[in-house]
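Shown next, in structure tokens, is the structure this report addresses.
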There are 2 protein chains.
Amino acid sequence: MTIRQRAKRTRPERPAETLSKQRVVATALSIIDREGMDAFSMRGLAQALGVYPTAVYWYVANRNALLAEVVAHALRDVVPPEDVAQDLGDWTVWLKDLFGRYRNAVQRHPNLAALMGAQMVSNAGVNPVLVEKILTVLSAAGFKDERLVRAFNSVVAVMTGFVTIEFATAPTEDRDRWAAELKRAIHAVDAREHPVLARNLPRLANRAFIVRWQNGIDVPLDDSFETYIDVAIKGLRQLLPNGRRRVS
Amino acid sequence: MTIRQRAKRTRPERPAETLSKQRVVATALSIIDREGMDAFSMRGLAQALGVYPTAVYWYVANRNALLAEVVAHALRDVVPPEDVAQDLGDWTVWLKDLFGRYRNAVQRHPNLAALMGAQMVSNAGVNPVLVEKILTVLSAAGFKDERLVRAFNSVVAVMTGFVTIEFATAPTEDRDRWAAELKRAIHAVDAREHPVLARNLPRLANRAFIVRWQNGIDVPLDDSFETYIDVAIKGLRQLLPNGRRRVS
DNA sequence: ACCTGAACACCGTTCAAGT
DNA sequence: ACCTGAACACCGTTCAAGT
């Protein structure tokens with residue numbers, strides 16, 4: 001977990017401009033954004049806040065609870081505001097906006113990508129308004145009862161699926177060596193063993209999942225994301241009772 | 001990270017029936033399966049193997065590298081065998097089988113769910129045969145060039161999306177208290193603020209993402225998963241050039 | 001080649017005290 | 001109510017030795 005070459009942390013730094021949960025969460029997020037998940041620690045956070053490690057525990061129960069709040073904070077802008085064509089007859093516009101907003105949030109905090117996906121277990125760290133909004137839009141579109149549940153779960157899964165892996169971060173240790181080695185291995189693919197891959201290599205290399213050596217921060221997969229969303233929306237529309245109502 | 005109440009580990013246990021990378025990876029996986037991600041440590045692993053902590057480093061470069069191998073091992077059976085109706089004209093059957101196999105793998109190792117999704121960045125820990133197979137099936141279905149790349153990325157994202165959050169594990173600490181509190185909060189939802197949620201609560205409670213207090217191990221979301229896959233397949237089919245060729 | 005043994009520089013968290 | 005201070009029981013990883 002890359003310990004050696006970090007600045008030695010002795011005592012508090014800043015004169016502590018009064019602590020608060022707000023400040024604790026915001027500072028934690030900024031550390032994770034800058035240095036990554038592996039480098040984040042409760043002690044490092046305390047140091048950044050200018051207090052003793054144990055002071056943080058006045059505001060959060062433990063590390064996991066804090067991380068849940070950090071995720072919630074990072075996701076605070078995902079719910080589209082009221083004015084997004086919610087009642088304008090096209091539910092697909094609202095969903096596309098939602099998916100895009102989630103992607104933006106992860107894009108801004110890629111080091112949190114894995115946690116953001118995982119946090120969807122429960123509403124512990126997620127705005128309950130998000131749930132109500134999705135349900136409202138799907139209801140208005142014509143989903144109800146059991147079909148509403150299934151559509152809801154599909155929407156949440158679609159929202160997190162692509163983006164979680166698009167921005168998943170590689171081991172922080174020796175990123176450059178790791179990337180170089182991977183790049184080499186990919187270009188050395190055996191055309192006899194993997195003919196389709198070899199034939200399409202220039203198109204796929206560093207632009208397709210698994211066959212990459214950089215993630216969405218360096219190489220965003222905008223086109224594929226668009227297609228993915230399109231696939232989901234088209235599929236959802238076919239799920240509606242009366243065939244495809246309200247064509248976009 | 002729940003340290004206190006664990007058995008004190010002093011020295012090696014077993015007389016070490018000769019170490020090997022195989023044994024290191026398999027033992028690591030079994031520890032993670034039994035005790036969860038938080039409880040896994042290099043030192044605990046060494047103890048279980050009956051060797052000194054540093055002996056493990058002869059077989060793996062570091063913790064992250066080991067975890068990548070553990071994920072690869074857990075995913076070893078995801079690629080459908082040759083005989084699955086691959087060339088029988090219906091590419092959707094093969095894809096559905098693939099998605100089901102991935103789900104089974106995660107279901108067997110839920111504590112690894114978050115890592116499994118994240119590992120799709122690169123082929124470091126993933127079988128390259130998987131890539132070739134997906135490309136082959138999609139090519140045969142009619143996807144080519146840029147469309148092939150987009151379809152491939154969509155397929156991988158669909159494969160991991162639902163399942164990653166379905167089996168995401170809650171903080172290991174105080175699971176029962178956490179679940180009880182969540183259950184209470186969900187049932188106490190304000191019908192004025194969240195009318196659609198309140199109206200559909202019996203249907204959604206513990207059966208919809210975010211509105212859950214248990215995960216897929218305790219409450220599998222089979223129906224929703226089926227719908228989700230259906231949505232993806234239907235959407236993918238509409239992506240094909242000549243409309244819907246090869247109807248299932 | 002494979003493992004021991006000691007050491008280094010960290011961790012999260014608890015508990016008792018201070019103000 | 002909010003923070004200090006000391007302590008406990010762990011970590012991952014490096015390096016020099018052993019066999």
Side-chain angles (χ1 to χ4, degrees), chain A residues 1-25 27-28 31-32 35-70 171-174 177, chain B residues 1-25 27-28 31-32 35-70 171-174 177:
Chain A
M1 284 185 168
T2 349
I3 280 157
R4 288 294 145 92
Q5 69 276 32
R6 230 177 313 155
K8 58 205 165 285
R9 52 182 67 115
T10 44
R11 284 297 156 85
E13 268 172 352
R14 236 154 303 186
E17 349 154 347
T18 68
L19 225 46
S20 71
K21 195 166 190 171
Q22 259 292 328
R23 226 161 75 77
V24 168
V25 172
T27 306
I31 291 174
I32 293 169
E35 311 186 36
M37 212 54 222
D38 281 1
F40 173 78
S41 72
M42 296 298 274
R43 293 177 109 106
L45 170 62
Q47 162 102 346
L49 287 164
V51 298
Y52 279 73
T54 47
V56 177
Y57 286 84
W58 182 260
Y59 298 95
V60 292
N62 53 47
R63 190 181 198 268
N64 282 329
L66 170 57
L67 290 177
E69 303 237 37
V70 169
T172 38
E173 313 293 293
D174 37 11
R177 272 208 315 111
Chain B
M1 288 184 167
T2 350
I3 280 157
R4 287 297 146 91
Q5 68 274 32
R6 232 178 311 158
K8 58 208 166 282
R9 50 182 69 114
T10 45
R11 283 296 156 85
E13 268 171 351
R14 238 154 300 188
E17 349 152 349
T18 68
L19 224 47
S20 73
K21 194 166 191 170
Q22 259 293 328
R23 226 161 75 77
V24 168
V25 172
T27 306
I31 292 174
I32 292 169
E35 311 186 34
M37 213 53 224
D38 281 2
F40 173 79
S41 72
M42 296 298 273
R43 293 178 108 107
L45 170 62
Q47 160 102 349
L49 287 166
V51 298
Y52 280 74
T54 47
V56 177
Y57 286 85
W58 182 260
Y59 298 94
V60 293
N62 54 46
R63 189 181 200 268
N64 283 330
L66 170 56
L67 290 178
E69 302 236 37
V70 169
T172 37
E173 313 293 294
D174 38 9
R177 272 208 315 109

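Note: hydrogens, waters and symmetry copies are ignored here, and every other heavy atom, side chains too, is used. Chain identifiers are assigned alphabetically (A, B, ...) following the order of the sequence lines, protein sequences preceding nucleic acid strands; residue numbering begins at 1 within each chain.
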Minimal non-hydrogen separation, Lys21(A) against Glu69(A), with atom names: CE-OE2, 2.6 Å
Looking at every non-hydrogen atom in both residues, tell me the closest pair between Leu45(A) and Ile31(A) and how far apart they are. CA-CD1, 3.8 Å
Please report the distance, rounded to the nearest Å, between CG in Leu49(A) and P in dT4(D). 11 Å
To the nearest 0.5 Å, what is the distance between CG on Leu49(B) and CG on Leu19(B)? 5.5 Å
To the side chain of Tyr57(A), which of dG12(D), dT4(C), dT14(C) is closest? dT14(C)
Where each pair must be Watson-Crick or G-U wobble with both distances under 3.5 Å, what dot-bracket representation of DNA chain C is obtained, with crossing pairs in [ ] and other-strand partners as |? ||.|||||...|||||.||
Atom pair OH/CD of Tyr52(A) and Gln47(A) - distance to nearest 0.5 Å: 11.0 Å
Leu45(A) CG - dT13(C) P separation (whole Å): 12 Å
Please round to the nearest 0.5 Å and tell me the distance separating atom CE of Met42(A) and atom OH of Tyr57(A). 4.0 Å
Let's see if you can work this out: which of dT4(C), dT13(D), dG12(C) has an atom nearest to the side-chain heavy atoms of Arg43(B)? dT13(D)
Of the listed nucleotides (dA6(D), dT14(D), dG12(D)), which one gets closest to any side-chain atom of Thr54(B)? dT14(D)
Report the nucleotide, chosen from dC2(C), dC3(D), dT13(D), that has the shortest atom-to-atom distance to any side-chain atom of Tyr59(A). dC3(D)
Determine the sole option in Leu66(A), Asn64(A), Val60(A) for which the side chain to side chain contact (heavy atoms under 4.5 Å, CB included) test with Asn62(A) is passed. Asn64(A)
In whole angstroms, how far is the C1' atom of dC2(D) from the CG atom of Leu19(A)? 9 Å
Return the minimal non-hydrogen interatomic distance between Ala46(A) and Pro53(A), and the atom names on each side. CB-CA, 3.4 Å
Starting at atom CE of Met37(A), determine the distance to atom P of dG12(C), rounded to an integer number of angstrom. 10 Å
Does the side chain of Tyr52(B) get closer than 4.0 angstrom to OP1 or OP2 of dG5(C) through an N or O atom? yes
Check the distance between dG12(C)'s P and Asn62(A)'s CG and give it to me in whole angstrom. 11 Å
I need the NZ-P distance between Lys21(B) and dA1(C), as an integer number of Å. 16 Å
Does a distance-only test, which skips hydrogens and angles, find a donor-acceptor pair under 3.5 Å between the side chain of Ser41(A) and the base of dG12(C)? no
OP1 or OP2 of dC2(D) under 4.0 Å from side-chain N/O of Trp58(A): yes
